[in-house]
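Below, chain A is the first sequence line, B the second, and so on; all start at residue 1. What's counted below: heavy atoms across the whole structure, side chains too, no hydrogens, waters or symmetry copies.
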Protein chains: 2
Amino acid sequence: MKLYEKLADDIERQIRGGVFRHGDRLQSVRQTSQQRQLSVTTVLRAYLLLESRGLVVSKPQSGYFVQLRPGSAAADAAADAVEAIATPKPIALSSSVDVSRLVLSTLRSIAAHDAVPLGSPYPDTGTFPLEKLNRYAYAAGQDPSLRPLQDGLPPGHPQLIRQIAKRYLDKGQAVDAAEILVTMGATEAINLCLQAVAKPGDVIAVESPTFYAMLHAIERMGMRAIEIPTHPELGLDVDALARIAATQPIAACMVMPNFHNPLGFVMPDERKRALVELAARLDMPLIENGVYNELYYGDAPPRTLKSYDRQGLVLHCGTFSKTLTSIYRIGWALPGRYRDQVEKLKFLNTLTTPPLPQVAIARFLERDGYEAHLRRLRKAYAQQGSLMRAIVLRFFPAGTRASTPQGGYVLWIELPEAVDAMRLYELALARGITIGPGYMFSVSNSYRHFIRLNYSTPWSPAIEQAVITVGKLAADCLR
Amino acid sequence: MKLYEKLADDIERQIRGGVFRHGDRLQSVRQTSQQRQLSVTTVLRAYLLLESRGLVVSKPQSGYFVQLRPGSAAADAAADAVEAIATPKPIALSSSVDVSRLVLSTLRSIAAHDAVPLGSPYPDTGTFPLEKLNRYAYAAGQDPSLRPLQDGLPPGHPQLIRQIAKRYLDKGQAVDAAEILVTMGATEAINLCLQAVAKPGDVIAVESPTFYAMLHAIERMGMRAIEIPTHPELGLDVDALARIAATQPIAACMVMPNFHNPLGFVMPDERKRALVELAARLDMPLIENGVYNELYYGDAPPRTLKSYDRQGLVLHCGTFSKTLTSIYRIGWALPGRYRDQVEKLKFLNTLTTPPLPQVAIARFLERDGYEAHLRRLRKAYAQQGSLMRAIVLRFFPAGTRASTPQGGYVLWIELPEAVDAMRLYELALARGITIGPGYMFSVSNSYRHFIRLNYSTPWSPAIEQAVITVGKLAADCLR
């Protein structure tokens, strides 16, 4: 162990042991250096390490202050957010919380076991118009006027960009087609948007729980996530975010205001407006994950953060992977004032987005009743969600709670605290069923007794039996 | 300007003004802090900034030392590498040398103008088996056994991975199929390999000139490029690299030892071995760009750096974009001991590589005479290259020199010094012809009178006339 790590550990023990309280000022770097006979650099590094652990904050011209609120946790807040929401401590991503490895191994299990995919993040593809798309892609490939290089260059194929812009307009949201950039799915869109607005070491505010692709993007760029209390039905606590932003710089905030994954809520319009106003006050970019926006259960689509934005601070990301096909990985970004940076990063990251899938989707949108397809999908998902929720509440152990999704296709379930979701995951996998363990949705271990279930597969006795089995296994975990 | 930036600028002026010499020790952080009445943090930041500018190096327990070698330049060395090669000074990437914007705008011009694509980096697609591939992709899309999610997850589709491994074995190079990762073209492969071995601020050694995608990858990650003298026929100067590595840490070296873009050379086997041995001694990863490896003009493929590697230090990247189709963007990496990191980064970057193109290429490789296709391609490129070179030497202004490519499809041309390649680019574009200005191949402005021409298009009077026109325009630039 290096000297500065040892020093940081010593001070951490003192903080945790109660020697220092929240708000106490640490000795100056120079004092500690003299007292401990350590170089100034060593002390400074130790303090920076403590800062990255979320135990101290630095204030310009004043020094380092202890930042600790014992007992509070984002989890309590999210599980029962109607009660007063405590400000969570900043939580640094560390390599020991390697969310992406857990997610990849979960996806691999799904792939390898031909299991009932309750743990899948992907929509069931059975109802997707894959054959039509495949025919359009084939036709585009035979078209001699398609130019392999040029038609894939950023910003993307003009035919698809027109269709994407038209969808927003049809839903009542004016967008500028010139802002749109086509990407390799929303994954690339989110990555590029984040990279355009923040740099390694920066702190990024996220919801708690949050969709793990957001955590991946942060992890990959060497940034740090801070989890903001998030009401299970109303979404991100904007006041809490404002309070935290007052104590430390937040480089950006990543949110999923509609059909949040995993919570399923729609943030009320007033809260959306307040969040965009806060962002404008702080000049803080908002990365809006809108991948489920087309999958609303109500009569009309919810508003986006983007629709409130007057400053170009909202970077809005969407995809066709949830509604048409995930096989092509076609997503897009509307990056506001960061458009040019994001376009350049797209070019550097993957050069082009393959043009045939873009043309295939554009032709489908032009001709083949995308809206009718979506209506069927929304109705099916709403019904399947209600069914799964009812089964869970009936067959899972007493004390189990479930979300009430307003759209999308995932259910978030809080099990009794004694149930470890990773153990449940392994038990279920042994029965040929996958589930999404709550661990994946946080860097703070806050959701160890939560699971996410996917209800996009058409309802069947096999699905029903699988859900009931998971409930029984959860009960077994309590014994 | 912040205090620490001001201090760094002051010290830089002193260094450049000769107050400090190479090897001199800076005052300690504490001394400077007391002398200048600045906080220790401010001084430390200034020193770190100077380090990032390549002007000082820190040595553990000793302090900061000036690191400066005045006067030398990579450009002189590369332009006439037979003469003694001077050690170049480190060249930092700065936003003012925005290589990627120049490249993107060049590609856009090609796209927008339907011009004679002498400036294109891409192979002509007229001879590619696009129809067959399109049919295979369609068939794969109709195959109910293909699972959209699972079959695209890293490392890639097993059927394609087997075929990639088989190609290496057929060429006499044993590779482990389990090492192979499929990526979105070589662009993503190179990006991920670089990210796996180095971090922002690190110094990456590159050839001079170097393929701009390498510079993009470095730029994107916030790393710094140092250009190593490169002989136009023998490749990277391994001794020069060793000397530079002795004075400062080099996090990785990116090279294109076969059919270098733009120089066209094949590094002799002895030099390849020496480079791999140096890498082993320094424990320095080598990122090997092998995208043209199949396009050799001789009787047998040249050896790869990878084939000499016993330490897992070579991260080898390949692609089908140069030989089969660039429309699918299917490449791969063989990342040696960094395989697991690269796989994880692939997952974080774009989640999956779309499976249909992977299956289409795999089926083509299994059934359709890839080797015969390549033989035709190699023969055509060798002939077209000779023709273009002859035309250039005959019709371009006196003093023009041209490379002698051993493979691939690009010619590197040194024009008389008075010709500015950007001006020539604009003049040619006005005549409906694109060229690749030398600016794109360096961060040091070393190749302002160089251009790259693409000879992959089947020879025709129009091509010949376009080349002659570029020569005439170059002559006009001299008046």
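- With contacts defined as side-chain heavy-atom distances shorter than 4.5 Å, the pair Arg220(B)/Gln195(A) qualifies.
- Listed options Asn191(A), Asn349(A), Thr350(A), Leu351(A) were ranked by heavy-atom pairs under 4.5 angstrom with chain B; first place goes to Asn349(A).
- Rounded to the nearest 0.5 Å, atoms CZ (Arg30(B)) and OG (Ser39(A)) are 8.5 Å apart.
- A 4.5 Å side-chain heavy-atom check between Pro354(B) and Ile327(A) finds every atom pair outside the cut-off.
- The CG atom of Leu348(B) sits 11.5 Å away from atom CD1 of Ile218(A), with the distance rounded to the nearest 0.5 Å.
- Looking at residues two or more places apart in sequence or on another chain, you find a ring pair (Phe, Tyr, Trp, His ring centres under 6.0 Å) between Tyr64(B) and Tyr47(B).
- In this structure, the side chains of Lys344(A) and Glu219(B) come closer than 4.5 Å at one or more pairs of heavy atoms.
- Among Asn134(B), Thr183(B), Thr187(B), Asp340(B), the residue with the largest count of heavy-atom pairs under 4.5 Å with chain A is Asn134(B).
- Contact annotation for Ser33(A): only side-chain heavy atoms (C-beta onward) come within less than 4.5 Å of a heavy atom of chain B.
- Considering only residues two or more places apart in sequence or on other chains, Tyr138(B) meets the ring pair (Phe, Tyr, Trp, His ring centres under 6.0 Å) condition with Tyr138(A).
- Residue Arg329(B) comes nearest to Thr352(A) through the heavy atom pair CD-OG1, 2.6 Å, listed as atom of the first residue, atom of the second, then distance.
- The residue among Met184(B), Glu188(B), Gln142(B) with the most heavy atom pairs within less than 4.5 Å of chain A is Gln142(B).
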